[in-house]
Amino acid sequence: MAEHRYDPQEIEPRWQEVWAGERTWEVANGSEAGGRASNSYVLEMLPYPSGEPHIGHLKVYSVGDAIAHYHRRTGHRVLHPMGYDAFGLPAENHAIKTGVHPRDSTAASIASFQREFRRWGISIDWSRELATHEPGYYRWTQWIFLELFGAGLAYRKEAAVKWCPKDQTVLANEQVDADGHCERCGALVEVKQLEQWFLRITDYAERLLGDLDQIEWPEHVKTMQRNWIGRSEGAEVTFRCEDLDPAHPIDYPVFTTRPDTLFGATFFVMAPEHPDVLRLAEGTEHEQAVREYVNVALNETNEERGNVEKEKTGVALGRTVTNPVNGEQIPMYVADYVLMEYGTGAIMAVPGHDERDYAFARKYGLPVRRVIEGPASAAPDADPSAAETTEEGLPYSGDGLLVNSHADFDGMPNREALSAIVAWLDREGKGHASVNYKLRDWLISRQRYWGTPIPIVHCPGCGAVPVPFEQLPVELPEIEDYTPKGRSPLAGAEDWVNTTCPECGGEALRETDTMDTFVDSSWYFLRYCDPHNDDAAWDPEALREWMPVDQYIGGVEHAILHLMYARFFCKALADLGHLDFQEPFEALFTQGMVTKDGAKMSKSRGNVVSPAAIIERYGADTARCYILFIGPPDQDADWSDEGMEGVHRFLSRLWRLAAETAERTDTPSGDAAAEEELLRKAHWAIDKVSGDLRRFAFNTAIAAVMELLNECSRLREDTSVESQKFALATAASLLFGFAPHVSADVYERLTGGRVWEQPWPQAEEELLERDVYELVCQVNGKLRDRVQAAAGADAEELKELCRAAPNVKAHLDGKQIVKEIVVPGKLVNLVVR
RNA sequence: GCCCGGGUGGCGGAAUCGGUAUACGCAGCGGAUUUAAAAUCCGCGGCCCGCGAAAGGGUAUGUGGGUUCGAGUCCCACCCCGGGCACCA
């Protein structure tokens with residue numbers, strides 16, 4: 001018999017050629033049979049093409065491909081496309097450093113991604129490939145922007161923006177980390193005033209929150225989105241200031257979640273950015289101090305200002321406002337612990353029931369008043385001599401009964417008082433119930449070159465005018481110098497910038513900002529459905545066929561930004577009549593990180609595992625299979641070269657045994673018991689893998705196929721060639737989604753057929769059940785023996801079997817059985833005394 | 001500080017509904033094959049006691065308690081690791 005050696009370098013390209021040549025994974029729109037119900041859209045997050053694909057890419061596309069194949073073989077037409085999120089800063093920074101045009105470096109990287117994906121054998125419909133930097137794509141990104149602009153959902157305003165001094169660009173709030181550093185380059189972020197484009201995502205806060213209940217996403221991702229949206233219920237309450245001009249009082253609304261503590265408000269605080277701060281302090285003895293304080297506060301970094309541990313600071317404005325519930329005049333302050341971006345930029349301070357206000361009050365000697373009686377303060381053993389120290393137990397943020405407030409409310413439980421006080425405010429015109437969100441509008445302006453140009457013309461007469469549809473796309477001009485100088489590099493392309501107003505025909509200037517790349521990736525999944533459409537972003541009919549995505553797969557690092565933006569786009573486009581669904585991703589799976597030696601892979605650590613090197617040596621099947629076998633795919637996993645070699649051995653054994661079996665001509669009938677055992681194992685594996693695939697448990701699915709293969713070799717001498725062929729072909733069939741090349745090869749050798757054209761195997765019920773099983777015999781919950789029991793035996797028979805088991809008998813000696821527990825099919829537990 | 005995950009052999013992990021803890025793989029040990037090695041194949045394996053072996057027994061899923069005939073799994077308290085949010089009124 002010829003020597004059989006598993007040679008992935010020969011096997012893998014051979015099958016890749018078949019799939020490429022026959023365009024096996026392409027699906028056309030306009031399916032006659034089945035319709036939407038039998039279609040399935042399996043999508044992995046599109047890669048940002050930079051350099052070569054890394055091990056994280058191998059993981060996400062291995063997971064996605066396993067799902068795509070499973071859907072195909074369980075009767076679905078599967079859309080499984082690929083594209084590139086091709087605009088972005090790294091390519092532009094590379095251009096600044098080397099002078100290579102971002103288009104060229106991006107093209108080189110895309111080419112290497114394409115090559116690798118083909119070498120990995122991922123079942124991609126290449127006919128729908130797209131890249132977000134192509135004019136044919138960003139033309140429609142611009143169209144969507146204009147649709148939003150037309151609906152008032154894209155707007156321009158001057159804003160204090162987060163500015164990265166190193167990248168010389170504006171960042172979204174989401175792109176600044178908790179310590180105030182740029183998420184990309186790590187530089188300390190500054191604040192700058194600029195006219196910027198925003199998308200009104202805050203209009204959708206409530207729906208983005210509410211619709212989370214309809215989708216099958218991991219609970220922790222939903223929680224992150226809920227926290228990010230940050231919904232708070234409370235009231236807006238008006239505090240009036242009559243100090244400047246009693247004839248023209250100024251009303252300052254504040255947002256509070258605790259209107260029940262209004263009677264405990266003893267001072268009032270404004271954010272340093274509040275536009276009225278300087279005006280209020282003007283002419284008072286505090287004017288100079290306020291001016292200085294505001295200056296210092298505005299120059300603070302986010303890191304300094306955001307530090308909760310930092311001592312509270314502030315300065316009196318020398319003015320007072322009236323507390324609307326009791327008419328008290330309370331002093332006004334400016335302090336940096338109040339944020340301009342949340343609520344109204346001013347707060348009522350209730351030091352008795354808020355930790356921050358309490359710290360501030362203690363520092364500046366302001367009165368602290370208890371207006372809610374908590375359980376602690378009501379304790380009977382409170383020291384009566386401490387009656388003076390009214391601050392005992394404060395600040396108290398829990399529930400309790402109102403005190404020191406007003407005869408109408410004192411003694412009322414605070415939750416009840418809250419509604420009563422809001423109702424009273426409403427009647428008096430001094431406030432109303434209100435809801436606030438932490439979510440901010442999405443700042444999409446970037447002063448960078450390598451992005452989608454914002455299709456707007458600024459006309460001195462007509463203002464911001466949309467570029468007419470027939471002039472789209474507004475193409476990126478060629479420029480010489482990408483270096484950021486505090487304005488967009490596009491501003492340097494004068495021929496391009498100078499244009500005429502589409503409305504009045506007069507001289508006008510093009511918008512020079514480009515869009516945040518998250519805009520590009522907020523709708524790409526729609527374009528895949530109809531990627532070559534030149535007349536529209538998509539044909540609604542194509543979307544009806546595929547959308548929403550049945551299974552989306554990607555890294556948990558996109559749990560907030562990308563997923564929130566994509567959801568927002570769908571809702572906005574649905575409102576504009578372009579979509580007939582609200583949520584883009586029906587189900588989401590987030591995969592964990594692959595680490596090496598317990599740490600994130602990085603060049604500086606020198607612990608990078610290169611997929612290309614692995615594949616060259618062991619083949620794609622080994623790499624793909626190992627990355628799924630390593631552990632549950634939603635968890636982080638540590639790469640081990642030895643572990644991978646184990647998987648390689650497994651695939652080698654499978655292939656070798658199959659190659660030898662395919663050549664076997666002897667047909668011994670086989671031992672009947674062994675035949676049945678092998679057959680049962682095969683059906684057990686079918687059942688096990690089917691269940692595991694439905695719950696993304698690829699690691700145990702692969703383990704089950706390993707068990708089946710072990711059984712094949714163990715029973716090799718006792719079983720017929722036919723049984724061996726069946727068991728091995730079943731193993732290959734189950735393994736196809738994880739290791740497609742070797743599985744296709746094995747399956748063809750054994751059966752002559754193409755495994756991907758076979759329906760998913762079905763386990764036969766009667767082969768999963770056994771007529772005898774091992775009955776576990778326990779005494780007082782401890783395992784004492786195992787005996788053979790008939791599947792149909794009743795409780796009495798099982799008890800009898802247990803009592804008769806040799807080692808059980810020994811433990812019953814001299815004891816009395818007080819209880820017998822029978823779990824048919826499993827165990828008997830005898831409780832003795 | 002608040003909100004999520006997670007803690008099981010030497011290692012990665014399994015145990016899907018409260019029912020045999022440690023599947024599968026790695027590393028290890030013993031054997032076969034080989035002049036030898038690699039490769040391959042077979043076998044053993046939590047820890048402790050059992051003089052070496054076997055039968056058997058004890059004990060173990062971060063710690064301490066609880067519920068239950070029975071707990072890795074449920075409840076209470078705590079420790080450690082990872083992630084998210086964080087002066088959001």
Side-chain angles (χ1 to χ4, degrees), chain A residues 5 178 218-228 230-232 234 254-258 261 265 269 271 305-310 312 335-339 341-350 353-357 359-360 436-440 556-557 559-560 592-593 626 629-632 634-647 649-650 652-653 656 688 691-692 694-695 697 699-707 709-710 713-714 774-786 806-807 810-811 818-823 825-832:
Chain A
R5 195 177 64 89
E219 209 43 55
H220 69 277
V221 174
K222 290 190 187 182
T223 304
M224 274 193 247
Q225 294 222 339
R226 285 188 192 108
N227 292 344
W228 194 259
R231 183 183 200 273
S232 293
V254 301
F255 175 73
T256 176
T257 53
R258 294 295 304 274
T261 65
V269 193
R305 181 150 173 194
N307 186 358
V308 192
E309 304 300 311
K310 193 186 74 169
K312 298 278 174 288
D336 67 359
Y337 79 92
V338 175
L339 309 175
E341 317 88 88
Y342 185 78
T344 61
I347 62 155
M348 66 170 200
V350 184
H353 302 281
D354 181 278
E355 245 176 75
R356 299 152 301 180
D357 297 344
F360 192 86
N436 249 277
Y437 301 90
K438 287 191 211 173
L439 187 70
R440 310 284 148 79
V556 74
E557 65 272 18
I560 299 173
M593 212 173 36
Y626 173 62
F629 180 65
I630 192 167
D634 55 333
Q635 280 171 36
D636 289 354
D638 204 62
W639 181 277
S640 133
D641 292 336
E642 295 77 29
M644 182 192 55
E645 292 199 35
V647 170
R649 275 198 283 274
F650 157 63
S652 306
R653 279 198 320 135
R656 247 184 298 117
K688 172 76 178 152
D692 285 351
R694 283 190 285 270
R695 56 186 189 108
N699 52 335
T700 51
I702 293 167
V705 182
M706 287 173 169
E707 283 194 53
L709 178 64
N710 289 346
S713 4
R714 191 174 71 84
E774 212 165 53
L775 180 73
V776 167
C777 304
Q778 297 182 332
V779 177
N780 286 347
K782 284 188 195 298
L783 172 73
R784 294 304 178 190
D785 217 333
R786 286 175 244 243
N807 198 44
H811 284 88
V818 295
K819 199 169 179 182
E820 294 171 315
I821 293 162
V822 181
V823 184
K826 284 243 157 74
L827 57 81
V828 174
N829 184 18
L830 305 178
V831 185
V832 302

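Here the structure is a predicted model, which means the values were calculated and not measured. Just so it is clear: chains get the letters A, B, ... in the order the sequence lines come, proteins before strands, and each one is counted from 1. Side chains included, hydrogens not; waters and symmetry mates left out as well; all remaining heavy atoms used.
Within the 4.0 angstrom heavy-atom criterion, base atoms lie near A:K688. Using a 4.0 Å heavy-atom criterion, one finds that A:V831 contacts the sugar-phosphate atoms exclusively. A:F629 comes within 4.0 angstrom of a nucleotide base, judged by non-hydrogen atoms across all strands. Within the 4.0 angstrom heavy-atom criterion, base atoms lie near A:K438. Counting non-hydrogen atoms under 4.0 angstrom, A:R784 reaches the backbone sugars and phosphates but no base. Within the nucleic acid shown, A:D336 comes within 4.0 Å of at least one base atom, counting heavy atoms only. If you check every strand for non-hydrogen atoms under 4.0 Å, A:D638 touches nothing. Among the protein residues, A:D357 comes within range of no part of the nucleic acid, since none of its heavy atoms lies under 4.0 Å from any strand. Contacts of A:T223 with the nucleic acid, taken as non-hydrogen atoms under 4.0 Å apart, involve only primed sugar atoms and P, OP1 or OP2. Nucleic acid contact for A:E219: none, since no nucleic acid atom lies under 4.0 Å from a heavy atom of the residue. Across all strands shown, A:V647 has no heavy atoms under 4.0 Å from either base or sugar-phosphate atoms.
Side chain of A:K819, nearest nucleotide from B:G19, B:C69, B:A14: B:C69. Closest contact between the side chain of A:F255 and the listed nucleotides B:A89, B:U16, B:A14 involves B:A89. The side chain of A:I630 approaches B:G12 more closely than any other nucleotide in the set B:C69, B:G12, B:C85. Listed nucleotides B:G25, B:G19, B:U16 differ in distance to A:N829; the shortest reach to its side chain belongs to B:G19. For A:T257, the listed nucleotide lying nearest its side chain is B:A89; candidates were B:A89, B:A23, B:C26. Considering only the side chain of A:W228, B:A86 comes nearest among B:G57, B:A89, B:A86. Side-chain proximity of A:R656 to the nucleotides B:C41, B:A23, B:G19 is greatest for B:C41.
The 5' end of RNA chain B is approached more closely, in terms of each residue's nearest nucleotide, by A:Y626 than by the other of A:Y626 and A:R653. Residue whose closest nucleotide on RNA chain B sits further toward the 5' end, between A:L339 and A:E707: A:E707.
Taking a cutoff of 4.0 Å between a charged side-chain nitrogen and a carboxylate oxygen, A:D354 and A:R258 do not qualify as a salt bridge.
Classified by its glycosidic torsion, B:C69 falls in the anti category, the angle being over 90° from 0.
Taking the ring centre of A:Y337 as origin, the terminal cationic atom of A:K312 falls inside the region bounded by 6.0 Å and 45° from the ring axis.
Note: A:F255 CZ to A:N436 CG = 4.5 Å, rounded to the nearest 0.5 Å.
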